[in-house]
Amino acid sequence: MSDFIIYNTLSRSKEIFKPLNPGHVGMYVCGPTVYGDAHLGHSRPAITFDLLFRYLRHLGYKVRYIRNITDVGHLVNDADEGEDKIAKKAKVEELEPMEIVQFYTNNYRRNMSQLNILPPSIEPTASGHILEQIEAVQKLIDSGFAYVVNGSVYFDVEKFASGNDYGKLSGRKIEDLYSNTRELDAQTEKKSGLDFAVWKNASAEHIMKWKSPWGEGFPGWHLECTAMSTKYLGESFDIHGGGLDLLFPHHEAEIAQGKACFGHDPVHYWMHNNLITINGQKMGKSLGNFITLDELFSGTHPLLEKAYSPITIRFFILQAHYRSPLDFSNEALQAAEKGLERLLKAVELLEKIQPSGHSTIDVNGLKEKCYSAINDDLNTPVLIAHLFDGVKLINSVNDGKETVDTEALLKLKKLYHDFTFDILGFKTGIAAQAGSNESVLGEVVDLLLNFRIDAKKNKDWATSDKIRNSLTELGFEIKDTKEGFTWELKK
RNA sequence: GGUCGGUUGGCCGAGUGGUCAGGCAGCGGUCUGCAAAACCGCGUACGGCGGUUCGAAUCCGCCACCGACCUCCA
């Protein structure tokens, strides 16, 4: 089998994946800030790195997957004046900040589970790792890369850059950064506009704050990832993932902090998923195209023509390569919905197919194509295209135009099970339906359709059509087959 | 303005210097009492202008447009 290749943002090239410790992989992915509903923007990194997690496990690696929850009072900029968002909400609604954090964390986890995203191995919270962060701050001060001003601690970018390549991940040059920031804020307590907070002194109205050697305050944003990745994965680990929007300054800062603390780069492979647009526009609250996952799943947003199932969203996202931009539109989502249905139906059909004496289809060839696609930097669109080629074959076998022998059929089933369910993480809604307590309803439908068969035998087309049309109106899809009929309930 | 990335057929979305992506939609056919599904066939697309080449959508240059990041904060 071909090597597993990953595009490393650090080298701007595809590299063969080799874990630091044979058989084990440590990966860290930037998770959500839990001050609001999970939205479309959360789905792509979560799905991308869930795919990676699943595939690494499929390859036999023991994976420790860390995805943090940022729950320490930090800010948002969207039409916000820089006041701490979590603290602000807490006052308005008279709730404990941690109550809000818990609410949205639960919400996020529920949405992720709907998208069939596996829970990470560890989901650490920033608020639960204040001690580790204080230690990291101290370490930075001790090593001379951070300085204290008025109860805040800042990372000294200039000093770091004098001996290190600050900007190597995001492709920025320190001189350019200076020329961009110089004029803007001359009068802060920072030595340079490029410096970033690793510990921030809390103002009186700030609710979420902790005691530290430098006074009451809260940790700087970039620091939590450094502290928690180090705690659970060590000073060096394999993969760090996140959205492209985090490339600068967040990930750049993480590299600087890690190197300042340990003397070497913390991460071997940096992976970044591209972002999502809606009808060609960036998603933003001020643009009126901010869609939460709940709205998407229920179809309640004005921009949505209908509800889209979580697995449809998953399929849609995986039908594009994770490093390409992806645009959401009703038309594209409906196309994805139908495509997914076609794929899942064929996988279901596979269970009913009877083997023949010999095989006319090349399962090994298909399998090889599938693996080389996913091995090429998780090229899921090409993988899915190959799976659709196989769908055609499966349907043709069903139509008696191709044949498979027992061995080929077993391989084919395993191939589709592995890729469709285990790796890509799709699941059938129909399968869930069949085993439900709606079995009585199913028997009633069968009963009616058996009456219809009798009518058909008598060439009583009026009755036959009436039964089918009435069921269709109720949302059932009826198909006649050689053996009789099949039906399913469309949502 | 700076840096990086993108511009592919009706829609979405891969990819390669010279044969095919794939999905959805559409058209024609097979099957069917009719339908649905399935299968078969059909579209000669690669932002614009130059250049390199026997040959470029794929390489180079310029231009246009789109996006991300570039103060604070997460």
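Here is how names work: the chains are called A, B, and so on, in the same order as the sequence lines, proteins then strands, and each is numbered from 1. When reading the values below, keep in mind they use all heavy atoms of this one structure, side chains included, and skip hydrogens, waters and symmetry mates.
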message = With side-chain contact (heavy atoms from CB on, under 4.5 Å) as the test, pick out the partner of A:Thr420 among A:Thr428, A:Leu344, A:Ile384, A:Leu415.
response = A:Leu344
request  = Inspect the contact between A:Asp377 and A:Arg323 and indicate whether a charged nitrogen and a carboxylate oxygen are less than 4.0 angstrom apart.
outcome  = yes
Measure all distances between protein nitrogen or oxygen atoms and nitrogen or oxygen atoms of nucleotides 37-39 of chain B, and list the pairs falling under 3.5 Å.
| unit_1 | atom_1 | unit_2 | atom_2 | d |
| --- | --- | --- | --- | --- |
| B:rA38 | O3' | A:Asn395 | ND2 | 3.1 |
| B:rA38 | O2' | A:Asp399 | OD2 | 2.5 |
| B:rC39 | OP1 | A:Asn395 | ND2 | 3.2 |
| B:rC39 | OP2 | A:Arg342 | NH1 | 3.2 |
| B:rC39 | O4' | A:Asp399 | OD2 | 3.4 |
| B:rC39 | O2' | A:Lys401 | NZ | 2.9 |

Polar atom pairs between nucleotides 57-61 of chain B and protein, under 3.5 Å, N or O only, would you list them?
none

query = Looking at A:Phe155, A:Tyr154, A:Tyr147, which one forms a ring-ring contact (aromatic ring centres under 6.0 Å, His included) with A:Phe160?
reply = A:Phe155
task = Classify the side chain of A:Arg468 and the base of B:rC34 as holding, or not holding, a donor-acceptor pair under 3.5 Å.
result = yes
note = A correct 5'-to-3' footprint of nucleotides 8-19 of chain B, with B, S and - meaning base, sugar-phosphate only and no protein heavy atom under 4.0 Å, is ---SSSSS----
request  = Check if the side chain of A:Arg172 and the base of B:rC69 share a donor-acceptor pair of N or O atoms closer than 3.5 Å.
outcome  = yes
ask   = Less than 4.0 Å between a side-chain N and a carboxylate O, is that true for A:Arg468 and A:Asp465?
value = yes
ask   = Are the side chain of A:Gln133 and the backbone N or O of A:Ala227 linked by a donor-acceptor pair below 3.5 Å?
value = no
query = With the threshold set at 4.0 Å, does a side-chain nitrogen-carboxylate oxygen contact exist between A:Lys306 and A:Glu337?
reply = yes
ask   = Relative to the ring of A:Phe316, is the ring of A:Phe328 parallel (under 30°), tilted (30 to 60°) or perpendicular (over 60°)?
value = perpendicular
inquiry  = My validator wants the stems of RNA chain B: runs of 3 or more consecutive Watson-Crick or G-U pairs, both distances under 3.5 Å, written as range with range.
reply    = B:1-7 with B:64-70, B:10-12 with B:22-24, B:26-30 with B:38-42, B:47-51 with B:59-63
request  = Kindly write out the residues that satisfy ring-ring contact (aromatic ring centres under 6.0 Å, His included) with A:His301, not counting sequence neighbours, or none if the list is empty.
outcome  = none
request  = Give a yes or no on whether a donor-acceptor pair under 3.5 Å exists between the nucleobase atoms of B:rG33, that is its base, and the side chain of A:Asp460.
outcome  = no
task = Quick one: list whatever passes side chain to side chain contact (heavy atoms under 4.5 Å, CB included) with A:Val404, sequence neighbours left out.
result = A:Ile353, A:Ser359, A:Ile361, A:Val397, A:Ala408, A:Leu409
message = Within the 3.5 Å criterion, strictly below it, is a donor on A:Ser11 or A:Glu15 matched to an acceptor on the partner's side chain?
response = yes
request  = Go through B:rC72, B:rC4, B:rG67 for me and flag the one nearest to the A:Lys190 side chain.
outcome  = B:rC72
key: Sub-6.0 Å ring centroid separation between A:Tyr416 and A:Phe421   = no
ask   = For A:Trp461 and B:rG33, do the ring centres fall under 5.5 Å apart while the planes stay under 30° apart?
value = yes
message = Using a 4.0 Å heavy-atom cut-off, does A:Lys459 contact any base of the nucleic acid, only the sugar-phosphate backbone, or nothing at all?
response = nothing
